Protein chains: 2
Amino acid sequence: MARAGLTAERLAQGGADLADEIGFEQVTVAGLARRFKVKPASLYFHVKSSADLKARVALVALAELADRASEAVAGRSREAALAALGNSYRNYAHEHPGRFAAMQLRLDSETAARSDGPRHTRLMRAILREYELGEADQTHAVRLLGSTFQGYVNLELSGSFSHSEPSSNVSWEHIIHGLHILLQNWQVRQPGAANDRE
Amino acid sequence: MARAGLTAERLAQGGADLADEIGFEQVTVAGLARRFKVKPASLYFHVKSSADLKARVALVALAELADRASEAVAGRSREAALAALGNSYRNYAHEHPGRFAAMQLRLDSETAARSDGPRHTRLMRAILREYELGEADQTHAVRLLGSTFQGYVNLELSGSFSHSEPSSNVSWEHIIHGLHILLQNWQVRQPGAANDRE
DNA sequence: CGTAAAACCTAATGGTCGTAGGCAAAAGGC
DNA sequence: GCCTTTTGCCTACGACCATTAGGTTTTACG
């Protein structure tokens, strides 16, 4: 009986493909075993548990998207960079919904620190540097961008925008532009009056 | 043997409580049956399936939050209304993480239409009316607000903001204010130059 | 070529969803 | 107040999943 040649990496990759096909929530040890024509018990030689498997899928997605995003942003600045980054997220999510869902899995802080998550943050900060925000405002902006990108794509994927006009593509472009405008004006408020709530 | 007095409503309510305690993903027919000191099979008299149960929890959450948000927004306008709405979402999510997660369950379009989801949209539009945006821009703005609120709270709940300064509360206030600024300036671009991507 | 580690297997436990069919409690007719 | 019907919950079961224990085959290496 020829061996399947399983490794943790191949399982994570296969799990990611499976997630894109049937949804991340539906990924299961048994299902992945079927895909590799192997018995479920065999997977436990390479991954600790079902949760471990899912975390590995998340790491794959995090790394892939970080690569894509870096490439897309390279050589662009300001609004073009912002759009490139946003589009990386959105396109990746459309092409790989299961992987994108996996990315939102809550990782324990140690795994999160070793992951490519920080790369995403650094990439955003690199773009924001051009808007010349203060230190704290840069962090706020990172959080804003992350929230809006993630939130928009989630709502879009869950179908929330598909039952009304105008098309989601149009809204997306307006929102990217809006964020750019907001970032441009952000610093202006800084030297002026009190920065807290009115 | 005294009867438990189950109904679909009580099960949805109990499911919502269970979700807040152990997480929405962990809600199970068997677990809910234990909570009501009843056998799993008994629940199927009141709900069609596990998926049906979860959908009912989502409807409960959608309705509860719509009530809260309406109340919070009443009598406020512009930035105050925006902040009240955002805080409704955020506070609800913090107090009821399981219910909040349930709200993001993908409902089939018929159920979604009957749900209180549209109330959320109407409430946002009511606030946005004061910013005097165009018809299409109002839709874009609804999508922006929904995305940002949902995305921010999700990232916050998943712990993404808890490992760095400044505190999430501060970012939240800045982001609400930023959105207000953005909405104020949104219309300005309207009469000016071309509205598409530069 | 033989040995030992590595890769995969069988088997078993215990959890989940969901269906079928039984029994007992509550509700309604008389 | 008794009898019948509906309703609510139960037992029993089949199918699937996660996970562990322990056995067997394959491969690598000395």
Side-chain angles (χ1 to χ4, degrees), chain A residues 1-60 98-99 101-102 104-108 111, chain B residues 1-60 98-99 101-102 104-108 111:
Chain A
M1 192 173 296
R3 296 201 176 172
L6 304 180
T7 66
E9 289 70 31
R10 288 193 62 202
L11 288 177
Q13 200 68 37
D17 293 343
L18 192 56
D20 285 336
E21 291 166 22
I22 66 174
F24 181 65
E25 301 299 332
Q26 277 63 52
V27 169
T28 159
V29 171
L32 190 56
R34 273 191 295 273
R35 168 176 274 254
F36 281 99
K37 296 182 200 288
V38 139
K39 300 298 167 186
S42 305
L43 301 203
Y44 288 88
F45 208 96
H46 307 280
V47 299
K48 266 208 307 291
S49 64
S50 180
D52 180 34
L53 171 64
K54 290 187 176 179
R56 286 172 190 272
V57 174
L59 294 179
V60 164
R99 283 168 158 88
Q104 298 174 53
L105 186 69
R106 191 184 172 139
L107 301 171
D108 60 287
T111 311
Chain B
M1 191 174 297
R3 299 202 175 172
L6 305 181
T7 66
E9 289 70 32
R10 287 194 62 201
L11 289 177
Q13 201 68 36
D17 293 343
L18 191 57
D20 286 337
E21 291 166 22
I22 66 174
F24 181 64
E25 300 300 333
Q26 277 63 52
V27 170
T28 161
V29 171
L32 189 57
R34 274 191 293 274
R35 167 176 274 255
F36 280 99
K37 296 181 200 288
V38 141
K39 301 299 167 186
S42 304
L43 301 204
Y44 289 88
F45 201 85
H46 306 280
V47 299
K48 266 209 305 292
S49 65
S50 181
D52 179 34
L53 171 64
K54 290 188 174 178
R56 286 172 189 273
V57 174
L59 294 178
V60 165
R99 283 169 158 88
Q104 299 174 52
L105 186 69
R106 190 183 174 142
L107 302 171
D108 59 288
T111 311

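We name chains A, B, ... by the order of the sequence lines, and we start the count at 1 in each one. Quick caveat: nothing in here was measured; it's all calculated off a predicted structure.
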Exercise for the section: Apply side chain to side chain contact (heavy atoms under 4.5 Å, CB included) to the pair Lys48(A) and Leu53(A), showing each step before the final yes or no. Expected result: CA-CA 7 Å; Lys48(A) 266 208 307 291; Leu53(A) 171 64; over 6 Å; no
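Qualifying side-chain contact (heavy atoms from CB on, under 4.5 Å) partners for Glu25(B), counting only residues two or more places apart in sequence or in other chains: Glu25(A). Here Arg35(A) pairs with Glu21(A) under the salt bridge (charged side-chain N to carboxylate O under 4.0 Å, His left out) rule; sequence neighbours left out. Scored by the side-chain contact (heavy atoms from CB on, under 4.5 Å) test, Arg10(A) finds Thr7(A), Phe36(A) as partners (sequence neighbours excluded).
Distance CD (Glu25(B)) to P (dC17(C)): 13 Å, rounded to an integer number of Å. Nucleotide dC9(D) holds its C1' atom 13 Å from the CG atom of Leu11(B), rounded to whole Å. The distance between atom CD of Gln26(B) and atom C1' of dC17(C), rounded to the nearest whole Å, is 16 Å. Atom CG of Leu32(B) is separated from atom P of dC9(D) by 12 Å (rounded to the nearest Å). If you take CG of Asp52(B) and P of dT19(C), they are 12 Å apart, rounded to a whole angstrom.
Inter-residue side-chain proximity for Asp17(A) and Arg99(A) is flagged as met; some heavy-atom pair is nearer than 4.5 Å.
Between Leu18(B) and Gly31(B) the shortest heavy-atom distance is CD2-C, 4.1 Å.
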Using a cut-off of under 3.5 Å, enumerate the N/O to N/O pairs linking the protein to nucleotides 12-16 of chain C.
| residue | atom | partner | partner atom | Å |
| --- | --- | --- | --- | --- |
| dT16(C) | OP1 | Arg34(B) | NH2 | 3.1 |
| dT16(C) | O3' | Thr28(B) | OG1 | 2.7 |

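Listed by first and then second residue, the salt bridge (Lys or Arg N to Asp or Glu O under 4.0 Å) pairs that reach into residues 51-60 of chain A are Asp52(A)-Arg56(A), sequence neighbours excluded.
Rounding to the nearest 0.5 Å gives a distance of 10.0 Å between OG of Ser50(A) and CG of Leu43(A).
Listed in residue order, the members of residues 38-50 of chain A having a heavy atom less than 4.0 Å from DNA chain C are Val38(A), Lys39(A), Ala41(A), Ser42(A), Phe45(A), His46(A).
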